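Accompanying notes for the structure given below.
Computation of the quantities below employed the complete heavy-atom set of this structure, encompassing side-chain atoms and omitting hydrogens, waters and symmetry-equivalent molecules. Proteins get letters first, then strands, A, B, ... in listed order; numbering begins at 1 in each. Predicted, not measured: the structure shown is a model, and the values here were computed from it.
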Amino acid sequence: MEKQHPKNLEKKWQGFWEKEGIYKLNPVGGSKSKKEMQGKQISNRVNFKKRGAIFSVDTPPPTVSGKMHLGHAFSYTQQDIIIRYHRMKGESIIFPFGTDDNGLPTERFVEKEKGVSALEMKREDFVKLCQQTLKEVKPAFIQNWKDIGMSCDFNLSYSTIDQNCQKISQRFFIDLYKMGRIYRKKAPILWCPQCQTAVAQAELADKMIDSVFYDISFSLKDSKKQITISTTRPELLPSCVAIFVHPQDKRYKNLIGKKVIVPIFGQMVSIKEDEKVDMEKGSGIVMCCTFGDVTDMEWYFTHHLPLIISISKDGKMSKTTGKFQGLTINQARVKIVDELKKEKRILAEKKIKHLVNTHERCNRAIEILPTWQWFIKILDKKEELLELGKKMNWYPEYMRYRYEHWIKNLKWDWCVSRQRFFGIPIPIWYCKKCKKVKLAKIKDLPVNPLGAQPKEKCSCGSAEFLPEKDVLDTWATSSLTPQIVESLIASRAIKKNFLPMSLRPQAHDIISTWLFYTVTRSYFHFGKIPWKDIMISGFVLDPKGEKMSKSKGNIIEPNKIIEKYGADSLRYWASGVSLGKNLRYQEKEIKNGHRTVTKIWNASRFTISHLKNFDIKNWSNKNKLYSLDQFLLSKLQKTIQKCEDSFKKYEFSSARKKTETFFWNDFCDNYLELVKWRVYSLKENDWRKKSAQFTLYYTLLTILKLFAPVLPFITEEIYQLYFRKKERQKSIHQTTFPKIDQKLIKEKRKFQGEKLMEILAEIRKEKSSKNLSQKAEIKKLTIYSKNKELLEIISLFGEDLKQTANIKEICFKQGYKKDNKFLF
RNA sequence: GGGCGCUUGGCGCAGUGGCUAGCGCGCCUGCUUUACACGCAGGAGGUCAGAGGUUCAAAUCCUCUAGCGCCCACCA
């Protein structure tokens with residue numbers, strides 16, 4: 001073995017794993033691989049039965065966006081560690097890898113990448129460009145996931161825009177339609193004037209903006225009286241349909257029922273009362289416009305107000321605004337304020353900062369517009385969805401509160417139609433004559449209504465249809481990932497009890513979207529929870545604890561880290577924090593990982609160099625074990641136990657730390673030093689040497705296996721170099737996780753060994769304080785003790801102590817003597 | 001305004017009722033000991049955010065306060 005551990009292990013072993021199908025699910029599914037596997041079906045079945053329970057994972061399909069970012073590397077590594085552990089426990093792993101590549105996120109990526117605007121292109125051309133762009137960037141993108149050592153079965157792959165996913169998405173859309181869960185309605189919805197599409201509540205972000213709070217004077221009809229209304233949005237005056245005061249507000253009690261003239265636009269509106277009015281805000285009188293905010297919308301419904309739209313879909317003033325038509329919102333605001341000033345109706349203006357809702361994808365302020373949209377009815381099932389949340393195991397547990405909090409605060413049904421282009425079409429036509437909805441037939445899916453006509457006539461007899469032009473929200477498809485994954489599996493036995501899957505791993509930012517929507521779909525279509533366990537990863541922050549973003553210029557690319565330190569080091573960093581917690585990026589931690597990898601390499605190099613004439617096959621339980629070996633092996637059993645307990649609870653960081661402590665302190669610093677004299681100076685057939693060799697072999701292999709989920713590359717490298725030919729399994733990742741050997745647990749020996757370590761520490765301390773080398777000779781060591789147990793310990797480990805600390809003679813004396821423990 | 005999380009040596013973190021509160025980095029003193037100087041041995045450094053309470057016993061449980069972060073609401 002080389003003195004330096006080899007670099008660039010990533011390509012080498014990831015290639016090997018793929019070529020040898022180390023992470024392949026047996027039997028393998030997928031349309032292409034089904035054919036491939038037909039000849040091997042029998043052997044696969046046997047293989048499958050040999051392995052244990054199914055562990056199925058609903059892997060997050062990353063949104064294709066050019067490059068993997070550090071947040072991905074972080075959370076996917078955490079998932080992979082857990083899955084590697086389960087694989088080594090002998091479970092059959094279903095660990096697919098998909099990509100999410102349709103809808104607005106993909107469109108925006110393509111627009112940016114290609115410098116185009118979807119709104120200015122022909123629809124077909126844009127769709128083609130999207131497909132082409134994806135084709136270009138996807139292989140390199142997926143390679144990023146391979147480079148961090150993801151142990152997915154990359155044959156179980158999907159893209160949320162592929163034909164199979166379209167079929168599934170449309171099928172379940174029709175399913176919802178048939179059960180009356182999905183409806184089309186012209187209703188006020190959240191609208192992005194930038195992207196010119198409807199958006200869902202979950203896609204909102206917010207932004208602090210500078211604004212002006214204007215006090216505007218309105219005249220009462222048939223009176224000279226004026227009232228003052230404060231607003232930040234004077235451009236909505238044309239949409240003003242009512243004025244509200246609080247029923248308990250004594251100041252304005254006499255105003256209720258009176259009529260008011262809206263300045264400039266002249267419409268007559270009534271003053272009404274409503275509890276939702278905040279008496280403290282502004283003058284306590286508020287105008288209701290269709291629609292300035294959610295409250296306006298609620299008043300529109302509860303008070304049956306008229307509808308006047310002054311902002312059109314492109315974010316410009318509509319024709320109902322007369323001379324302001326065509327102006328942008330901001331232009332109109334300036335002009336209207338100007339006119340109000342001329343009429344002396346602006347009584348005051350106050351500069352303020354306030355939060356406005358924006359679209360998370362483009363950061364543009366959201367408007368509320370009534371449009372025709374498709375909705376999935378969810379508001380009536382809040383209780384049921386909360387119940388379902390309690391049936392799943394959340395790791396960490398408190399993440400469930402986020403799910404619950406989100407559901408409790410839901411105000412909108414889920415709007416799933418988008419007025420965009422690159423997405424899964426809604427499989428619907430409308431009869432030209434009677435306007436009735438015509439559903440696509442299941443067997444014809446996937447369909448694109450824009451390019452096809454229904455094969456049957458409408459029930460009214462007409463054969464002419466108009467296609468639905470809208471596409472589905474991306475989440476409407478990605479909320480079906482469990483069904484998509486199931487569709488890739490060939491085995492009937494597995495398909496039969498597919499739900500709930502074993503695990504949904506993801507980061508916390510998409511609890512209110514991907515997680516919530518998947519639970520919702522699973523409930524509507526199957527009445528079941530989609531998974532048993534949920535593991536939620538935290539976020540990556542920059543070294544100062546701030547969010548990483550392109551605008552801040554503090555992005556760190558995983559590729560660069562891998563190039564410099566290797567993927568194992570990156571994984572080491574990602575595993576250093578407990579699940580759910582945010583982690584700052586610290587190069588130090590990556591270096592620490594690299595240090596650990598080097599240490600593993602060196603310890604292995606030493607160990608293996610002393611195993612040349614040792615054959616594990618000739619070792620049996622009857623062989624005698626040297627007392628120091630009994631001590632180490634006993635302690636190793638405890639370590640296995642602790643690791644196992646931690647991994648089971650998704651506590652990979654504590655599992656890693658326990659392994660590390662045993663490896664570094666017990667094995668390297670102590671045991672290897674104490675074993676040297678036996679492996680260097682004893683004869684080959686001396687039982688004490690054989691015992692040492694067995695212990696070295698067994699302990700190193702166990703340590704490698706304990707590290708394997710976190711550090712898959714270096715452990716594989718060493719396994720292949722030495723252990724593969726002895727252990728027979730093709731890869732360390734196909735070996736079984738260390739099992740506790742009860743026969744090796746020896747409490748008394750463990751206790752005695754710990755005492756030996758204390759004595760050794762005393763000796764080391766003494767030498768260190770005298771500035772001596774640890775190799776310095778001790779002529780005579782006298783141990784004074786009243787404790788006879790110590791005598792036994794000396795008789796057990798005396799030789800190890802003498803050899804390791806270079807002591808010529810050890811004396812044991814009954815009694816106590818201060819400051820004279822050692823004689824040099 | 002609501003919910004959740006965090007606050008432990010200079011820095012980054014472990015530790016969730018019990019021996020003298022741990023780890024890594026950094027710092028100091030030594031050691032070129034044939035696996036490793038990306039190492040080894042030793043050492044300094046903390047009233048566990050603050051206040052109160054429960055308990056024989058609290059960093060750990062409860063209450064309050066402060067600071068930071070995230071999610072949500074507010075948007076007239």
**Q.** Closest-nucleotide ordering on RNA chain B, the 5'-leading residue of A/His610 and A/Met399
**A.** A/Met399
Q) Hey, does the side chain of A/Ser230 come within less than 4.0 Å of B/A76's phosphate (OP1/OP2), counting only N and O? A) no
Q.
In terms of relative ring orientation, are A/Trp299 and A/Phe244 parallel, tilted or perpendicular, with 30° and 60° separating the classes?
A. parallel
Q) Just checking A/Glu673: base, sugar-phosphate only, or nothing, at a heavy-atom cut-off of under 4.0 Å? A) base
Q.
For B/C38, does the base pair up with any side-chain atom of A/Thr598 as donor and acceptor (N or O, under 3.5 Å, distance only)?
A. yes
**Q.** Touch class at under 4.0 angstrom, heavy-atom based, for A/Cys289 against every strand present
**A.** nothing
Q: Pick base, sugar-phosphate or nothing for A/Thr596, based on heavy-atom distances below 4.0 Å to the nucleic acid.
A: nothing
(Q) Check the orientation of A/Tyr585 and A/Trp573. Use parallel for under 30°, tilted for 30 to 60°, and perpendicular for over 60°. (A) perpendicular
Q: Rounded off to whole Å, could you give me the CG-to-C1' distance for the A/Leu672 and B/U34 pair?
A: 14 Å
Q.
It should be established whether A/Arg400 places a side-chain nitrogen or oxygen under 4.0 Å from OP1 or OP2 of nucleotide B/C4.
A. no
(Q) Taking any heavy-atom pair under 4.0 Å as a contact, classify A/Ser609: base, sugar-phosphate, or nothing. (A) nothing
Q: Take atom CZ of A/Phe606 and atom C1' of B/C40, then tell me their distance rounded to the nearest Å.
A: 14 Å
Q) For the side chain of A/Tyr401, counting heavy atoms from C-beta on, which of B/A76, B/G24, B/C4 is nearest? A) B/C4
Q.
When you measure from the side-chain N and O atoms of A/His5 to the phosphate of B/C38, is any distance below 4.0 Å, counting only OP1 and OP2?
A. no
Q.
If the condition is salt bridge (charged side-chain N to carboxylate O under 4.0 Å, His left out), which residues does A/Glu660 pass it with, not counting sequence neighbours?
A. A/Arg656
Q. Are any of A/Lys775's side-chain N or O atoms less than 4.0 Å away from OP1 or OP2 of B/C40?
A. no
Identify the pairs formed between an N or O of the protein and an N or O of nucleotides 66-74 of chain B at a distance under 3.5 Å, and give each distance.
residue : atom : partner  : partner atom : Å
B/A73   : OP1  : A/Gln201 : NE2          : 3.3

Q) For B/C36, does OP1 or OP2 lie under 4.0 Å from any side-chain N or O of A/Lys3? A) yes
Q: Classify the side chain of A/Lys657 versus the base of B/C23 as yes if they form a donor-acceptor pair under 3.5 Å and no if they do not.
A: no
Q. Does one side chain, of A/Ser230 or A/Asp215, offer a donor that lies under 3.5 Å from an acceptor on the other?
A. yes
Q: Examine A/Lys676 relative to A/Phe606 and say whether NZ or CZ is less than 6.0 Å from the centre of the six-membered ring and inside a 45° cone about the ring axis.
A: yes
Q. Looking only at side chains, do A/Arg504 and A/Thr518 share a donor and an acceptor under 3.5 Å apart?
A. yes
Using atom names, set out every protein N or O paired with an N or O of nucleotides 41-44 of chain B below 3.5 Å, distance rounded to 0.1 Å.
residue : atom : partner  : partner atom : Å
B/A41   : O2'  : A/Arg764 : O            : 3.3
B/A41   : O2'  : A/Gln774 : NE2          : 3.1
B/A41   : N3   : A/Ser768 : OG           : 3.2
B/G42   : O4'  : A/Ser768 : OG           : 3.3
B/G43   : OP1  : A/Lys765 : NZ           : 3.4

Q) Can you check the A/Trp394 CH2 to B/G5 P distance for me, whole Å? A) 14 Å
Q: Using salt bridge (charged side-chain N to carboxylate O under 4.0 Å, His left out) as the criterion, list what pairs up with A/Asp568, not counting sequence neighbours.
A: none
Q: Take A/Asp274 and A/His246 through the side-chain hydrogen bond (donor to acceptor under 3.5 Å, both in side chains) test and state the conclusion after the steps.
A: CA-CA 5 Å; A/Asp274 196 288; A/His246 197 276; over 6 Å; no
Q: Remember a base hit wins even if backbone is also touched, and classify A/Lys676 as base, sugar-phosphate or nothing at under 4.0 Å, heavy atoms.
A: base
Q) Phosphate oxygens OP1/OP2 of B/C36: is one of them under 4.0 Å from a side-chain N or O of A/Arg595? A) no
Q) Just checking A/Phe213: base, sugar-phosphate only, or nothing, at a heavy-atom cut-off of under 4.0 Å? A) sugar-phosphate
Q: Return yes if a side-chain donor-acceptor contact under 3.5 Å exists between A/Thr804 and A/Glu673, otherwise no.
A: no
Q) Taking the nucleotide of RNA chain B with the closest heavy atom to each, which residue, A/Tyr398 or A/Asn602, is nearer the 5' end? A) A/Tyr398
Q: Describe the nucleic acid contact of A/Trp664 in one word from base, sugar-phosphate, nothing, applying a heavy-atom distance below 4.0 Å.
A: sugar-phosphate
Q: Please check the phosphate of B/A14 (OP1 and OP2 only) for any side-chain N or O of A/Ser578 closer than 4.0 Å.
A: yes
Q: Tell whether A/Glu397 reaches the base of B/C4 with its side chain through a donor-acceptor pair below 3.5 angstrom.
A: no
Q.
Rounding to an integer number of Å, can you tell me how far A/Leu579 CG sits from B/C13 P?
A. 16 Å
Q. Whole-Å distance between B/C23 P and A/Lys642 NZ?
A. 14 Å
Q. Which word best sums up how the rings of A/Trp406 and A/Phe516 line up, parallel for under 30°, tilted for 30 to 60°, or perpendicular for over 60°?
A. perpendicular
Q) Under a 4.0 Å N-O cut-off, is there an ion pair linking A/Glu644 with A/Lys658? A) no
Q: Treat a base pair as Watson-Crick or G-U wobble with both distances under 3.5 Å, then lay out RNA chain B in dot-bracket form, 5' to 3', with | for cross-strand pairs.
A: ((((((((.[[[[.)..(...]]]].(((((.......))))).....[[[[[..)....]]]]])))))))....
Q) Roughly, in whole Å, what's the span from CD in A/Glu235 to P in B/C75? A) 16 Å
Q: Specify whether A/Tyr300 and A/Phe291 have parallel, tilted or perpendicular ring planes, treating 30° as the upper limit for parallel and 60° as the lower limit for perpendicular.
A: perpendicular
Q: Please state how far atom CH2 in A/Trp573 lies from atom P in B/C23, giving the value in whole angstrom units.
A: 25 Å
Q. Are A/Glu766 and A/Lys770 within salt-bridge range, i.e. N to O under 4.0 Å?
A. yes
**Q.** Separation of B/U33 P from A/Asn771 CG (nearest whole Å)
**A.** 16 Å
Q: Could I get the full list of salt bridge (charged side-chain N to carboxylate O under 4.0 Å, His left out) partners for A/Glu747, not counting sequence neighbours?
A: A/Lys638
Q) With a non-hydrogen cut-off below 4.0 angstrom, is A/Leu236 in contact with a base, only sugar-phosphate, or nothing? A) nothing
